[in-house]
2 protein chains.
Amino acid sequence: MGHAGIASTLLDVSAAEEPPGPVSRQERKQRTRQSLLDAALELLADRSFASLSLREVAKRAGIVPTAFYRHFTSMEELGVALVEETTRTLRGLLRGARTENSGYGGMIRASVHTLHKHVRVHEDHFRFVTRERYAGPGAVSRAIAVELRMFSSDLALDLARFDPLRTWPTEDLHLLADLIVTAMLGTVAELLDARPGDTAADERILAEAEKRLRMVLLGVPHWRPEGQPRI
Amino acid sequence: MGHAGIASTLLDVSAAEEPPGPVSRQERKQRTRQSLLDAALELLADRSFASLSLREVAKRAGIVPTAFYRHFTSMEELGVALVEETTRTLRGLLRGARTENSGYGGMIRASVHTLHKHVRVHEDHFRFVTRERYAGPGAVSRAIAVELRMFSSDLALDLARFDPLRTWPTEDLHLLADLIVTAMLGTVAELLDARPGDTAADERILAEAEKRLRMVLLGVPHWRPEGQPRI
DNA sequence: TGTACATCAGTGAACGCGCGTTCACTGATGTAC
DNA sequence: TGTACATCAGTGAACGCGCGTTCACTGATGTAC
């Protein structure tokens, strides 16, 4: 339970290591549930979700395999919970980064840096999500696809505030937003591949990420949504 | 061996189902090897590589588990062979599509359509590669990364022939090429997600893919490689 | 061409192991009176 | 406040199963003479 508790504070889910006084049955249950999530995430640091066994996760969480079923009906259900845990706060952070900055440049810089900080704090979560995104036909991949669509919709909404984009058809706006989300996911994968603690690598990756986004947005004023494109 | 043979003809590796006359020992060995690759690919249609067992593959290929080791030292080695099988011909096809067309528009259209045709013929191969790309720290993911870098280098080379790109620094060129390769991979994933035989869906996905690439390339003439970007 | 030996792809039994899931249980927490 | 009963998170034994890998083997193909 020790290091599992530490991991959970990173997400600020259950802040205190061992709170004072007696604890209700449902509080204890919630803590064991979190231990299972934390244990799974640690094991997923260098493995695929499909290769993870219920017994391993239970063992690492400090419970007997059969007690797992008190919290999740299957490993798949736990995986979906991990996906939700990953995106829970990031969506709000990114929306904030965009609304608190005006102009492409500021928005790009703030978004990239917000993403960077968040990914570095929750590396295991993002490793899990980038790995499982296309991992197969299971509930986990489906949950990830849903979350990404939400990121994309958030972004499309904010992009629509820019003058040349204001008049774009919705589908073109979503195309652009998807392109940006995909590029950002590539950046996440690069960050997770970099040697740990390699600050220079991080800065290079962030610079490249900003450059990529500028390249994409550079074409926007020249795009003709209706009629023949000029290329 | 029956349907395994059929799958292999799709790749044109061993064309005849049962050639006439006696067959040398090494020919037979090569055929069994191909059966193993085909069997693995069929099983991978809706599963992750990590969840695939040596025994399953051997069984489907029609040999006893222990005979597997006559062909590959491990499942991982088989996985790497599958990656090579996937990209073997596509690289040349895409290079051809670009050199036989001039101008962004023609190149984009030809590339997207070439990719589409190839993906549709070899769906299982591409499902495997898109799934395993980020699947973990194994040899398979590493092999995929190497292949993608080669696609990107090919593309950068061809992009350098365009006038505004001719003078770009190499790193910016590679950034642009990576962006395009990533976008194309997204298109592959969309194609594989579409309902089989849904021609309308295919056409929509291809149209979107072309649009995305045009969006990206639209910014090119306005990019300032040196000095401050205008955004 | 015929014979004797070497090679080696594929066989089949056996091993110890971790897997998911079942089941009846325990004992602390919660609730009704 | 005290007692009797209900709830339910966690236990531990047991099951049948598929796994990767070992080993000694078989018998067709290949080679040397």
Side-chain angles (χ1 to χ4, degrees), chain A residues 1-2 4-5 8 14 18-40 43-44 47-81 136 138-140, chain B residues 1-2 4-5 8 14 18-40 43-44 47-81 136 138-140:
Chain A
M1 202 93 158
S8 76
S14 65
E18 196 55 50
V23 189
S24 75
R25 187 143 74 184
Q26 87 172 352
E27 257 178 298
R28 279 206 189 286
K29 185 174 184 183
Q30 166 58 30
R31 280 192 215 167
T32 304
R33 190 190 134 98
Q34 192 59 46
S35 296
L36 285 168
L37 290 169
D38 296 342
L43 291 165
L44 284 168
R47 316 239 312 261
S48 73
F49 185 74
S51 76
L52 204 60
S53 79
L54 182 154
R55 288 179 103 102
E56 269 181 302
V57 174
K59 188 174 193 177
R60 183 155 195 135
I63 60 171
V64 112
T66 48
F68 179 94
Y69 296 105
R70 298 283 177 199
H71 304 275
F72 303 99
T73 66
S74 65
M75 280 294 291
E76 206 164 59
E77 198 177 293
L78 178 145
V80 171
V140 172
Chain B
M1 203 94 157
S8 76
S14 66
E18 195 58 50
V23 188
S24 74
R25 187 141 74 184
Q26 86 173 351
E27 256 177 300
R28 281 209 188 282
K29 185 175 184 183
Q30 167 58 29
R31 281 193 215 166
T32 305
R33 189 189 135 99
Q34 192 59 48
S35 297
L36 285 168
L37 289 169
D38 296 342
L43 291 166
L44 283 168
R47 316 242 311 263
S48 74
F49 185 74
S51 76
L52 204 61
S53 79
L54 182 153
R55 288 178 103 103
E56 268 180 303
V57 175
K59 187 173 191 176
R60 184 155 195 135
I63 61 172
V64 111
T66 49
F68 179 93
Y69 295 105
R70 298 283 176 202
H71 304 276
F72 302 99
T73 65
S74 63
M75 280 294 290
E76 204 164 61
E77 197 176 293
L78 179 144
V80 171
V140 171

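Every chain is numbered from 1, with letters handed out A, B, ... down the list of sequences.
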query = Which nucleotide, D/dT21, D/dT11, D/dA9, lies nearest any side-chain atom of A/Lys29?
reply =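 Selected nucleotide: D/dA9.
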ask   = Looking at residues at least two apart in the chain, or sitting in another chain, which of them share a side-chain hydrogen bond (donor to acceptor under 3.5 Å, both in side chains) with A/Glu77?
value =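 Residues passing side-chain hydrogen bond (donor to acceptor under 3.5 Å, both in side chains) with A/Glu77: A/Thr73.
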ask   = Can you tell me how far the OG1 atom of A/Thr32 sits from the CD1 atom of A/Ile63, to the nearest 0.5 Å?
value =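 That separation rounds to 6.5 Å.
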Tell me the interatomic distance from [X], atom [atom1], to [N], atom [atom2], rounded to whole angstroms.
X	N	atom1	atom2	result
A/Glu27	D/dC8	CD	P	17 Å
B/Glu76	D/dG20	CD	C1'	15 Å
B/Glu56	D/dC17	CD	P	16 Å
A/Phe68	D/dT11	CZ	P	14 Å
A/Lys59	D/dG12	NZ	C1'	15 Å
A/Leu54	C/dT22	CG	P	11 Å
A/Leu43	C/dC19	CG	P	11 Å
A/Ile63	D/dC8	CD1	C1'	14 Å

task = Could you tell me whether a side-chain N or O of B/Lys59 sits under 3.5 Å from a main-chain N or O of B/Leu54, the two making a donor and an acceptor?
result =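 No, B/Lys59 side chain to B/Leu54 backbone: no donor-acceptor pair under 3.5 Å.
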A/Lys29 side-chain N/O to A/Arg70 backbone N/O, donor-acceptor pair under 3.5 Å =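 A pair under 3.5 Å: yes.
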Regarding [N], can its base be found pairing with the side chain of [X] as donor and acceptor, where the two atoms are less than 3.5 Å apart?
X	N	value
B/Arg70	C/dG10	yes
B/Arg55	D/dG18	no
B/Arg28	D/dT29	no
A/Thr66	D/dG10	no

Base-pair map of DNA chain C as dot-bracket, where | denotes pairing with a different strand and pairs are Watson-Crick or G-U under 3.5 Å = .||||||||||||||||||||||||||||||||
task = Name the residue closer to the 5' end of DNA chain D, choosing between B/Leu52 and B/Gln26 according to the nucleotide with the nearest heavy atom.
result =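 Counting from the 5' end, the first nearest nucleotide belongs to B/Leu52.
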key: Most 5' of B/Ser74 and B/Arg25 on DNA chain D, judged by nearest nucleotide   =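 Closer to the 5' end of DNA chain D: B/Ser74.
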request  = Check whether any side-chain nitrogen or oxygen of A/Thr32 sits under 4.0 Å from OP1 or OP2 of D/dG10, and answer yes or no.
outcome  =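 Checking D/dG10 against A/Thr32, a side-chain N or O does come within under 4.0 Å of OP1 or OP2.
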Any A/Ser53 side-chain nitrogen or oxygen under 4.0 Å from OP1 or OP2 of C/dC19 =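 Yes, because at least one side-chain N or O of A/Ser53 sits under 4.0 Å from OP1 or OP2 of C/dC19.
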inquiry  = If we check side chain to side chain contact (heavy atoms under 4.5 Å, CB included) with A/Arg60, which of these qualifies: A/Leu36, A/Leu43, A/Asp38?
reply    =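 The passing option is A/Leu43.
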query = Of A/Pro65 and B/Pro65, whose closest DNA chain C nucleotide lies nearer the 5' terminus?
reply =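 First, find each residue's nearest nucleotide; the 5'-ward one identifies B/Pro65.
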task = Given side chain to side chain contact (heavy atoms under 4.5 Å, CB included), test B/Arg47 with B/Glu56 step by step and report yes or no.
result = CA-CA 12 Å; B/Arg47 316 242 311 263; B/Glu56 268 180 303; 3.0 Å; yes
inquiry  = Looking at every heavy atom in both B/Phe49 and B/Met75, which two are closest together, and how far apart are they?
reply    =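 Here B/Phe49 and B/Met75 meet closest at CZ-O, 3.1 Å.
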query = Please walk me through it: do B/Leu37 and B/Phe72 pass side chain to side chain contact (heavy atoms under 4.5 Å, CB included)?
reply = CA-CA 10 Å; B/Leu37 289 169; B/Phe72 302 99; 4.0 Å; yes
